J.: 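Before I ask anything, let me first share the structure, which is written out below as structure tokens.
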Amino acid sequence: MDYFWALLETSSFAFFSYSFYRWQQRHTKILDLIEFVQKANLMKPSELKRAMDYDGPADMLKNFREFDEGRNYSKGLVFVQGLVESNFVIRSFLNHTTKLIMSSVSSESIFSNNKSFEEVEGKLDLKYVSEFNLGETLTDHKLTLNNNRTIDFSNALHLIHSVVHMRSLSPLERFLSWVLFCIKLFLSMSNVGKKLSGFKVGSKRVERGIMLGQYIVAFGEVIFDRQNKELRMNNPLFFLKDKAQML
């Protein structure tokens with residue numbers, strides 16, 4: 001019996017030691033990433049080519065994470081800022097004059113006793129072009145990016161358009177809404193009160209997207225083909241409006 005308890009204590013100690021070690025490793029990686037985000041500068045495509053080419057300026061490499069190079073290539077994680085360019089565009093679903101490379105349309109419900117909108121679960125239409133470029137004004141330098149659903153693009157979206165449809169409450173619904181308002185006021189400090197949204201009185205469709213000509217920041221691994229002088233980011237991690245959103 002003593003052997004069993006000794007084995008159990010040893011196993012528990014080993015498990016918690018390993019868990020603490022893994023937590024410490026993750027914590028260290030997060031702190032390193034935060035420090036990198038704070039110190040790294042945004043780079044334009046022309047600056048990327050200069051930094052990643054043969055014998056590029058060494059002081060610019062501080063803006064890269066996990067920089068690596070071979071005979072005909074170089075690569076590294078970096079923040080790139082540029083103007084959205086593409087030969088293939090999507091017309092806005094709610095405002096057809098607007099040209100996009102990514103469109104996200106969500107449906108939201110409006111309730112009589114709730115000032116905030118409640119997004120309808122599963123009601124999300126997402127469209128995007130498979131490839132686009134980040135360029136810069138007055139030069140032909142560009143970075144080619146692929147585009148897929150797994151990329152975190154939420155922080156780069158702009159409000160494109162919204163459409164609201166409302167209906168009037170019947171006299172009975174108005175009376176019951178007033179009763180619910182009194183109950184909600186009484187239960188305002190509890191979760192029960194927050195769930196008393198009342199009657200559905202309308203719906204709202206909201207379109208957010210990334211537009212042509214919009215400045216965005218892309219974060220991910222850039223690969224530079226030194227022979228053909230081409231920049232590509234195959235697996236972007238984030239699309240952002242500003243680098244500070246990473247923090």
Side-chain angles (χ1 to χ4, degrees), residues 40-52 63 73 75-108 117 119-165 203-225 227-246:
N41 295 322
L42 295 175
M43 300 191 73
K44 299 176 182 178
S46 59
E47 294 172 333
L48 278 176
K49 287 184 177 180
R50 190 155 61 93
M52 301 179 77
N63 301 315
Y73 76 93
K75 62 181 181 179
L77 286 166
V78 66
F79 288 96
V80 190
Q81 184 181 50
L83 286 167
V84 174
E85 302 172 352
S86 179
N87 294 324
F88 305 97
V89 296
I90 298 170
R91 292 283 179 176
S92 166
F93 185 78
L94 299 180
N95 182 7
H96 297 297
T97 60
T98 305
K99 297 178 181 179
L100 311 168
I101 59 101
M102 179 174 285
S103 169
S104 172
V105 181
S106 61
S107 298
E108 300 174 356
F117 300 104
E119 189 167 334
V120 180
E121 192 172 340
K123 294 290 185 178
L124 180 68
D125 295 322
L126 179 65
K127 294 182 180 179
Y128 50 87
V129 300
S130 59
E131 188 176 277
F132 68 97
N133 301 319
L134 287 187
E136 52 187 282
T137 55
L138 305 178
T139 74
D140 58 354
H141 298 290
K142 64 182 180 181
L143 166 71
T144 302
L145 302 97
N146 70 347
N147 199 11
N148 58 66
R149 198 182 185 97
T150 61
I151 300 169
D152 187 346
F153 54 83
S154 57
N155 287 320
L157 299 181
H158 281 275
L159 177 63
I160 306 301
H161 199 62
S162 63
V163 177
V164 177
H165 298 283
S203 62
K204 181 180 181 181
R205 300 200 74 184
V206 182
E207 183 175 24
R208 299 175 178 87
I210 299 176
M211 300 174 285
L212 283 184
Q214 175 184 331
Y215 265 107
I216 68 168
V217 175
F219 178 66
E221 184 182 67
V222 172
I223 300 175
F224 179 50
D225 184 338
Q227 286 187 321
N228 299 315
K229 307 299 181 185
E230 292 179 349
L231 290 165
R232 175 172 284 275
M233 186 181 286
N234 289 324
N235 297 295
L237 300 175
F238 299 99
F239 291 147
L240 311 163
K241 294 177 186 175
D242 187 85
K243 186 189 73 170
Q245 291 174 305
M246 273 282 287

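What you see is a predicted model; the values in this text were computed from it and never measured.
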J.: Any non-hydrogen side-chain atom of Val164 less than 4.5 Å from a side-chain atom of Glu108?
T.: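 Sidechains of Glu108 and Val164: no contact.
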
J.: Does some side-chain heavy atom of Leu100 sit less than 4.5 Å from a side-chain heavy atom of Ile210?
T.: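 Ile210 vs Leu100: side chains apart.
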
J.: Let me confirm one number: the CZ-CZ distance from Arg50 to Phe224, rounded to the nearest 0.5 Å.
T.: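 Nearest 0.5 Å value for the CZ-CZ distance: 12.0 Å.
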
J.: How long is the straight-line distance from CE of Met102 back to CD1 of Ile216, given to the nearest 0.5 Å?
T.: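 Ile216 atom CD1 to Met102 atom CE measures 8.5 Å (nearest 0.5 Å).
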
J.: Assess whether side chain to side chain donor-acceptor pair (under 3.5 Å) is satisfied between Ser103 and Glu207, documenting all intermediate values.
T.: CA-CA 7 Å; Ser103 169; Glu207 183 175 24; 2.6 Å; yes

J.: So which atom in Ala218 and which in Leu145 form the shortest heavy-atom distance, rounded to 0.1 Å?
T.: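 Of all heavy-atom pairs spanning Ala218 and Leu145, the closest is CB-CD2, 3.6 Å.
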
J.: Could you pull out all residues at least two apart from Phe219 that satisfy ring pair (Phe, Tyr, Trp, His ring centres under 6.0 Å)?
T.: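 Phe219 satisfies ring pair (Phe, Tyr, Trp, His ring centres under 6.0 Å) with Phe79 once adjacent residues are dropped.
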
J.: Would Asn133 and Thr144 count as having a side-chain donor-acceptor pair, cut-off 3.5 Å?
T.: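 The criterion, which ignores hydrogens and geometry beyond distance, is satisfied for Thr144 and Asn133.
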
J.: Which pair of non-hydrogen atoms, one from Phe93 and one from His96, has the smallest distance, and what is that distance?
T.: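 Closest heavy-atom pair between Phe93 and His96: O-CE1, 3.5 Å.
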
J.: Got more than 12 heavy atoms from elsewhere within 6.0 Å of NZ, Lys49?
T.: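 Result for NZ/Lys49: enclosed.
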
J.: Where do Arg91 and Thr98 land on the side chain to side chain contact (heavy atoms under 4.5 Å, CB included) test, with the steps shown first?
T.: CA-CA 6 Å; Arg91 292 283 179 176; Thr98 305; over 6 Å; no

J.: Going from NZ on Lys204 to NE2 on His165, what distance comes out if it is rounded to the nearest 0.5 angstrom?
T.: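 Reported to 0.5 Å precision, the distance equals 12.0 Å.
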
J.: Listed by chain and number, what are the side-chain hydrogen bond (donor to acceptor under 3.5 Å, both in side chains) partners of Ser104, not counting sequence neighbours?
T.: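 Partners of Ser104 by the side-chain hydrogen bond (donor to acceptor under 3.5 Å, both in side chains) criterion come out as none, since no residue qualifies.
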
J.: Give the minimum heavy-atom separation between Pro45 and Leu134, together with the two atoms involved.
T.: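 It is CG-O, 3.4 Å.
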
J.: Closest heavy-atom contact between Ile90 and Ile101?
T.: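 Scanning both residues completely, I find the closest heavy atoms to be CD1-O, 3.9 Å.
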
J.: For the NZ atom on Lys241, are there more than 12 heavy atoms of other groups (residues, nucleotides or ligands in this structure) within a distance under 6.0 Å?
T.: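 Yes, NZ of Lys241 has more than 12 neighbouring heavy atoms, counting only those of other groups under 6.0 Å.
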
J.: For residues Leu94 and Ile160, determine if any side-chain heavy atom of one lies less than 4.5 Å from a side-chain heavy atom of the other.
T.: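 No - every pair of side-chain heavy atoms lies 4.5 Å or more apart.
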
J.: Using salt bridge (Lys or Arg N to Asp or Glu O under 4.0 Å) as the criterion, list what pairs up with Glu85, not counting sequence neighbours.
T.: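 Here no residue qualifies.
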
J.: For a quick test of reading the model, state the closest non-hydrogen atom pair linking Met211 to Gln214 and the distance between them.
T.: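 The pair with the smallest heavy-atom distance is N-OE1, 3.0 Å.
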
J.: Tell me, please, which residues at least two apart from Arg208 pass salt bridge (Lys or Arg N to Asp or Glu O under 4.0 Å).
T.: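 For Arg208, no residue satisfies salt bridge (Lys or Arg N to Asp or Glu O under 4.0 Å) once neighbours in sequence are set aside.
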
J.: Which residue pairs pass the ring pair (Phe, Tyr, Trp, His ring centres under 6.0 Å) test when at least one of the two sits in residues 135-164, sequence neighbours left out?
T.: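 Qualifying pairs: none.
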
J.: To the nearest 0.5 Å, tell me how far Leu42 CG sits from Asp242 CG.
T.: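 That separation rounds to 7.0 Å.
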
J.: Sequence neighbours left out, cut at 3.5 Å: what donor-acceptor pairs do the side chains of residues 227-240 make with other protein atoms?
T.:
{"from": "Asn228", "atom 1": "ND2", "to": "Asp225", "atom 2": "OD2", "distance (Å)": "2.8"}
{"from": "Lys229", "atom 1": "NZ", "to": "Asp53", "atom 2": "OD1", "distance (Å)": "3.2"}
{"from": "Lys229", "atom 1": "NZ", "to": "Asp53", "atom 2": "OD2", "distance (Å)": "2.9"}
{"from": "Lys229", "atom 1": "NZ", "to": "Arg226", "atom 2": "O", "distance (Å)": "3.2"}
{"from": "Arg232", "atom 1": "NH1", "to": "Glu131", "atom 2": "OE1", "distance (Å)": "3.4"}
{"from": "Arg232", "atom 1": "NH2", "to": "Glu131", "atom 2": "OE1", "distance (Å)": "3.2"}

J.: So, do Val80 and Met43 sit near enough that their side-chain heavy atoms are less than 4.5 Å apart?
T.: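 No. Closest side-chain heavy atoms not under 4.5 Å.
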
J.: Can you tell me how far apart OG (Ser106) and CG (Leu126) are? Round to the nearest 0.5 Å.
T.: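 Output value for this atom pair is 11.0 Å.
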
J.: How about Asn147 and Ser130: do any of their side-chain heavy atoms sit closer than 4.5 Å?
T.: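 In short, these two side chains do not touch, never coming nearer than 4.5 Å.
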
J.: If you compare all heavy atoms of Val129 against all heavy atoms of Ser86, which two are closest, and at what distance to 0.1 Å?
T.: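 Where Val129 meets Ser86 most closely, the heavy atoms are CG2-OG, 4.2 Å.
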
J.: Could you tell me the separation between the CD atom of Glu136 and the NZ atom of Lys142, rounded to the nearest 0.5 Å?
T.: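 Between Glu136 CD and Lys142 NZ, I get 12.5 Å after rounding to 0.5 Å.
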
